[in-house]
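Following: one structure in structure tokens, then a few remarks.
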Amino acid sequence: MILAEWTAHPAKSRPRDVALLACVGLIFCGAVLSSLQSAWLTVLAAIVLTIAVAPFLFPTRYQLTEDGVFERRLGRWRGRKWNELRRVQVGKGAALVSPFAAPNRLDRYRGMLLYFDGGDRRAIIDILKGKLDGAA
């Protein structure tokens with residue numbers, strides 16, 4: 001059963017940041033092209049940069065179900081079961097669900113960052129805290 005479902009697309013609501021990203025990307029690719037003088041490495045650099053900012057540029061669909069937390073971006077599903085998660089850390093625009101009970105440098109890699117953009121922030125936080133309340 002799906003408890004909450006939403007789609008976050010930060011780039012859609014922040015066109016100034018998209019313009020800034022485009023300027024930085026062009027400068028970066030220009031620097032790679034002028035310093036390394038290789039069109040292939042410039043294309044590779046653009047691809048790597050796009051992948052790095054994919055959570056901002058492309059829509060991400062989130063689902064909170066009875067089983068766990070799931071996200072879909074660019075056709076790829078990724079998820080974590082509730083019993084694997086130990087902590088939720090709520091920020092201004094997102095929540096981090098982590099398998100570690102205490103803050104850890106591996107949180108960004110092992111945990112999941114759920115952007116609130118496009119969802120009901122209060123309902124999402126209530127579900128996360130309700131499911132992870134007894135986990136820690």
Side-chain angles (χ1 to χ4, degrees):
M1 181 170 112
I2 297 174
L3 304 174
E5 184 174 30
W6 73 100
T7 300
H9 193 189
K12 190 175 185 179
S13 61
R14 295 167 36 195
R16 292 170 110 186
D17 292 343
V18 173
L20 176 65
L21 178 64
C23 289
V24 169
L26 287 173
I27 292 169
F28 178 70
C29 288
V32 169
L33 182 61
S34 67
S35 65
L36 300 177
Q37 298 180 356
S38 171
W40 292 110
L41 290 177
T42 303
V43 170
L44 181 63
I47 291 170
V48 169
L49 184 62
T50 302
I51 290 170
V53 295
F56 174 76
L57 282 180
F58 303 109
T60 304
R61 182 176 168 197
Y62 296 101
Q63 284 185 348
L64 303 179
T65 67
E66 290 292 336
D67 296 328
V69 181
F70 301 94
E71 75 175 10
R72 180 179 182 200
R73 182 182 309 123
L74 297 174
R76 180 177 159 249
W77 279 100
R78 180 179 154 208
R80 287 287 208 168
K81 303 261 186 213
W82 292 119
N83 61 2
E84 297 174 2
L85 300 170
R86 302 284 176 259
R87 176 174 55 95
V88 61
Q89 184 174 335
V90 179
K92 181 180 175 185
L96 172 73
V97 289
S98 173
F100 303 107
N104 190 306
R105 62 188 174 118
L106 296 176
D107 277 336
R108 273 297 278 189
Y109 305 104
R110 301 277 311 276
M112 290 178 65
L113 192 61
L114 310 174
Y115 290 97
F116 297 135
D117 182 42
D120 182 6
R121 177 187 168 92
R122 177 64 16 219
I124 295 166
I125 293 171
D126 289 344
I127 293 168
L128 292 173
K129 288 190 175 184
K131 289 291 187 180
L132 297 176
D133 187 32

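These numbers come from the heavy atoms of this one structure, side chains and all, not from hydrogens, waters or symmetry mates.
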Original post:
If you look at every heavy atom in P15 and K12, which pair is closest and at what distance?
Top reply: CD-O, 4.4 Å
Original post:
What closest approach, in Å, do A45 and V32 show between heavy atoms, and which atom pair accounts for it?
Top reply: CB-CG2, 4.0 Å
Would you give me the side-chain donor-acceptor pairs under 3.5 Å for residues 101-108, sequence neighbours excluded?
| unit_1 | atom_1 | unit_2 | atom_2 | d |
| --- | --- | --- | --- | --- |
| N104 | OD1 | L106 | N | 2.9 |
| D107 | OD1 | R87 | NH2 | 3.0 |
| D107 | OD1 | S98 | OG | 2.5 |
| D107 | OD2 | R87 | NH2 | 2.4 |
| D107 | OD2 | N104 | N | 3.1 |

Original post:
If you round to the nearest 0.5 Å, how far is CZ of R110 from CG of L85?
Top reply: 10.5 Å
Subject >> R61 side, atom CZ; W77 side, atom CH2 - distance, nearest 0.5 Å >> reply: 4.5 Å
Original post:
Looking only at heavy atoms, what is the nearest atom pair of P10 and D117, with distance?
Top reply: N-OD2, 3.1 Å
Subject >> Gap between atom SG of C29 and atom CG of L44 - 0.5 Å precision >> reply: 10.0 Å
Original post:
Any ring-ring contact (aromatic ring centres under 6.0 Å, His included) pairs touching residues 28-57, not counting sequence neighbours?
Top reply: none
Original post:
Out of curiosity, does L64 fall in the hydrophobic cluster containing L96 (side-chain heavy atoms, cut-off under 4.5 Å, transitive links)?
Top reply: yes
Original post:
Quick one: do F100 and V97 end up in the same hydrophobic cluster if we chain Ile, Leu, Val, Met, Phe, Trp and Tyr together by side-chain heavy atoms under 4.5 Å apart?
Top reply: no
**OP:** Determine, stepwise, if the pair I2 / F70 fulfils side chain to side chain contact (heavy atoms under 4.5 Å, CB included).
**Re:** CA-CA 10 Å; I2 297 174; F70 301 94; over 6 Å; no
**OP:** Return yes if some donor-acceptor pair links the side-chain N/O of R121 with the main-chain N/O of G118 below 3.5 Å, else return no.
**Re:** no
Subject >> CZ/R78: more than 12 non-hydrogen atoms of other groups inside 6.0 Å >> reply: yes
Subject >> Gap between atom CG of L57 and atom CD1 of I51 - 0.5 Å precision >> reply: 11.5 Å
**OP:** Kindly indicate whether the side chain of T50, heavy atoms from C-beta on, has any atom under 4.5 Å from the side chain of F58.
**Re:** yes
Original post:
Can you check whether L114 reaches L128 side chain to side chain, under 4.5 Å on heavy atoms?
Top reply: yes
Original post:
Would you call E66 and K131 a side-chain contact if the rule is heavy atoms closer than 4.5 Å?
Top reply: yes
Subject >> Closest non-hydrogen atom pair, P55 against T60 >> reply: O-OG1, 4.4 Å
Subject >> Contact check, side chains of V69 and W82, non-hydrogen atoms, under 4.5 Å >> reply: yes
Subject >> Nearest non-hydrogen partners of T65 and L3, listed with the distance >> reply: O-CD1, 3.7 Å
Subject >> Shortest non-hydrogen contact from Y62 toward A8 >> reply: CE1-CB, 3.7 Å
Original post:
Rounded to the nearest 0.5 Å, what separation is found between the CG atom of L26 and the CG atom of L33?
Top reply: 11.5 Å
